Amino acid sequence: MECIVRFQVIYKNEEPKSLRGLILIGDNKEPSTEQLIPMFKKIGFDVIVENQDDLTFKPVSPDAPYTRIRVTELDTGEEVYREDANLKQILENLLPRSPGL
């Protein structure tokens, strides 16, 4: 089964860019971070998992022009994972930020 991965690349000195990729997954299965990392690498983003629950990734190289990749939607044609922007904004305002983020 195909899964369209919509994600946002957060750059250091530019506006964030929304992109998408495609991965193949088994029937009735959720995409894993182990499947997402090779997809990102194929399109030029060498990343590691930053937060598995939020599906955020950070670059392997500190010299990369981007600071974070955040998956915003996983579309398998059936159940769609979407980041809840309102909930995210509320949590960002309530939780203290870690240094360096």
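Computed from a prediction, not measured in an experiment: that's the story for all the values here. All residue numbers in this chain count up from 1 along the given sequence. Excluded from the calculations below are hydrogen atoms, water molecules and symmetry mates; all remaining heavy atoms, backbone and side chain alike, are included.
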Practice task
Report yes if some heavy atom in the side chain of Glu50 is under 4.5 Å from a heavy atom in the side chain of Ile48; otherwise report no.
Solution key: no
Exercise for the section: Nearest 0.5 Å please: distance from the CD1 atom of Ile10 over to the NZ atom of Lys17. Expected result: 12.0 Å
Handout entry: Heavy-atom closest contact (Met39 atom, Ile23 atom, distance)
Key = CB-CG2, 3.6 Å
Exercise for the section: Check whether any side-chain heavy atom of Arg70 lies under 4.5 Å from a side-chain heavy atom of Gln8, and answer yes or no. Expected result: yes
Practice task
Identify, with sequence neighbours excluded, every residue that meets salt bridge (charged side-chain N to carboxylate O under 4.0 Å, His left out) alongside Glu15.
Solution key: none
Problem - Verify same cluster id: Ile43, Ile69 (apolar side-chain graph, 4.5 Å) - result: yes
Fill in the blank from the handout: To the nearest 0.5 Å, atom NZ of Lys41 lies from atom CG of Asp46 at 4.0 Å
Handout entry: With sequence neighbours excluded, residues passing side chain to side chain contact (heavy atoms under 4.5 Å, CB included) with Glu34
Key = Ser32
Handout entry: Backbone N/O of Thr56 and side chain of Asp54: donor-acceptor pair under 3.5 Å
Key = no
Handout entry: Minimum side-chain heavy-atom gap Leu74-Leu55 below 4.5 Å
Key = yes
Completion exercise
Exactly one of Leu19, Thr67, Val47 clears side chain to side chain contact (heavy atoms under 4.5 Å, CB included) with Val9, and that residue is Leu19
Practice task
May I have all residue pairs that pass ring pair (Phe, Tyr, Trp, His ring centres under 6.0 Å) and include part of residues 49-69, sequence neighbours excluded?
Solution key: Phe40-Phe57, Phe45-Tyr66
Problem - Residue pair Val5 / Leu36, side-chain heavy-atom distance below 4.5 Å - result: yes
Practice task
Identify which one of Asp75, Ile25, Leu24 satisfies the side chain to side chain contact (heavy atoms under 4.5 Å, CB included) criterion when paired with Glu2.
Solution key: Leu24
Problem - Thr33 side-chain N/O to Gln52 backbone N/O, donor-acceptor pair under 3.5 Å - result: no
Handout entry: Same cluster (ILVMFWY, side-chain, under 4.5 Å), Val49 and Val60
Key = no
Exercise for the section: Taking atom NZ of Lys12 as the centre, report whether more than 12 heavy atoms of other residues, nucleotides or ligands fall under 6.0 Å from it. Expected result: yes
Problem - Any side-chain heavy-atom pair of Val71 and Arg6 under 4.5 Å - result: no
